[in-house]
Trainee: 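Let me give you the structure first, and then I'll get to my questions.
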Amino acid sequence: VADPHHQCLAQVIPFSQLSLEAGGADRDQLVVKWQQDGQSRTLYVRDPLAIAAIRHTAPPALVTLVDHVAASVRRARAKRRMALLAALGVLVALGLGMWLTWDALVTWTVSLIPPAWERRIGEAALQEALLQQEILREGPVVEAISEITARLTSHIANSRYRFAVTVVRSPVVNAFALPGGYVVVFTGLIQAAKSPEEVAGVLGHEITHVLERHGLERIVHTLGIVAMAQMIMGQQQGLVGLAKQLGVELITLKYSREQETEADLLGLRLLCKAKVDPNGLVAFFERLAQSDNEKGRIELLSTHPMSAARATRLKAEVAALPTFLAEPFAFEWETVQASLKSSDTSPKR
Ligand SMILES: [Zn+2]
């Protein structure tokens, strides 16, 4: 029945006059052919539901043929899907490859650096950092910082480092760690901290940079192929010169955002293991961010900016830590800070 309004044609053709086969460019269609008024007509069926409907009404003799065609249609479609997936996979792999290879190469090179070389590089950097600095060698501050460091580092499993802390008398609010386990704390940071937990928070973060070998990663990343080749080929002589060069490099080093995020998270976990209240770290950075930067140089903020995103992330990480009962330190924080003030006003010998 022809329906001119809807341009739709309904016809009844007996199955005996139909020929069925798989067709189309990808053999993913059921091709139905028949003769009508001396003309040959062809119908291409792609929709699996329509093919199923034809199979449903086909006489038993034709069912096998329709099944055969349907299977061929399915195979063609599956093949096309696989080809598409493979193409997509290749694209993703290429993208990932370009993005990953350099980082993977850096990590691999760093893994080849023996701890002894790492210590030598760290020592060179430490010497450079301590040039013309007044070092505190004894007293309540040194004892307190040693206790905090010992408390944190005693909870590191299988550490290849022996951490050594140096306290430098300077109003600069800063602390940093160097490869091999050398930690430097400025008295400005100790005076700015309201509790030893705040200092411990910073030290936990810095110690994590050492444990994860972030400094070495940055060096290899910055100095590139030459340093890599020298390290891989184990040119000891080249390395001594390199270590001196790296010393300067390391002091002005900026870690990547990924490394900072990792140091934040793993540092908090270290505090948790050592039973030190992790809220100190968050409180300290938040207060520094709000404080008047003109009173003293807060270098810690220039290397570790306290963005709203970091504050939110840190708080979420603290909340995700297992609950534990924090254990206080053996010293009085007021006494430690007071010792710094009194030695400030006393005439230097
Ligand atoms: Zn850091």
Trainee: Judged by atom type as modelled, is there a donor-acceptor pair below 3.5 Å linking the side chain of Ser302 to the main-chain atoms of Ile298?
Mentor: no

Trainee: Would you say Cys272 and Phe324 make side-chain contact, with heavy atoms under 4.5 Å?
Mentor: yes

Trainee: Are any of the side-chain heavy atoms of Glu198 and Val202 separated by less than 4.5 Å?
Mentor: no

Trainee: I need the Glu21 CD to Thr42 OG1 distance, nearest 0.5 Å.
Mentor: 8.5 Å

Trainee: Would you say the side-chain atoms of Asp37 pair up with the backbone N or O of Gln39, donor to acceptor, closer than 3.5 Å?
Mentor: no

Trainee: If you count every heavy atom of other residues, nucleotides or ligands that lies below 6.0 Å from Gln35 atom CD, does the total exceed 12?
Mentor: yes

Trainee: Taking the side chain from Arg287 and the backbone from Ala192, do they hold a donor-acceptor pair closer than 3.5 Å?
Mentor: yes

Trainee: Taking Gln259 as the fixed residue, which of Lys254, Arg213, Glu217 is the one that meets the side chain to side chain donor-acceptor pair (under 3.5 Å) rule?
Mentor: Glu217

Trainee: Measuring only between side-chain heavy atoms, which start at C-beta, is Tyr161 closer than 4.5 Å to Leu211?
Mentor: yes

Trainee: Can a donor-acceptor pair be found, under 3.5 Å and without considering hydrogens, that links the side chain of Trp333 to the backbone of Glu197?
Mentor: no

Trainee: Can you name the side-chain contact (heavy atoms from CB on, under 4.5 Å) partners of Thr153, sequence neighbours left out?
Mentor: Thr149, Ile156, Phe163, Ile207

Trainee: Do Arg310 and Phe285 touch side chain to side chain, with heavy atoms closer than 4.5 Å?
Mentor: yes

Trainee: Could you list the cluster mates of Phe15? Members are the ILVMFWY residues connected by side-chain heavy atoms closer than 4.5 Å, either directly or through other members.
Mentor: Ile13, Leu18, Leu20, Leu30, Val32, Trp34, Leu43, Val45, Ile51, Ile54, Leu62, Leu65, Val66, Val69, Val73

Trainee: To the nearest 0.5 Å, what is the distance between CG on Leu340 and CD on Gln191?
Mentor: 4.5 Å

Trainee: Kindly write out the residues that satisfy side chain to side chain donor-acceptor pair (under 3.5 Å) with Lys194, not counting sequence neighbours, or none if the list is empty.
Mentor: none

Trainee: Is there side-chain contact between Glu260 and His214, with heavy atoms separated by less than 4.5 Å?
Mentor: no

Trainee: Does atom CD (Gln36) have a neighbourhood of more than 12 heavy atoms from anything else shown, all under 6.0 Å?
Mentor: yes

Trainee: Say whether, by atom type as modelled, one donor and one acceptor occur between the side chain of Gln337 and the main chain of Ile190 under 3.5 angstrom.
Mentor: yes

Trainee: Is the shortest side-chain heavy-atom distance between Lys275 and Leu325 below 4.5 Å?
Mentor: no

Trainee: Where the side chain of Glu262 meets the backbone of Thr208, is there a donor-acceptor pair that is under 3.5 Å apart?
Mentor: no

Trainee: Less than 4.0 Å between a side-chain N and a carboxylate O, is that true for Glu123 and Arg119?
Mentor: no

Trainee: Using atom types as modelled and distance alone, determine if a side-chain donor or acceptor of Glu147 lies under 3.5 Å from a backbone N or O of Ala330.
Mentor: yes

Trainee: Is the closest side-chain heavy-atom distance between Leu136 and Ile145 below 4.5 Å?
Mentor: no

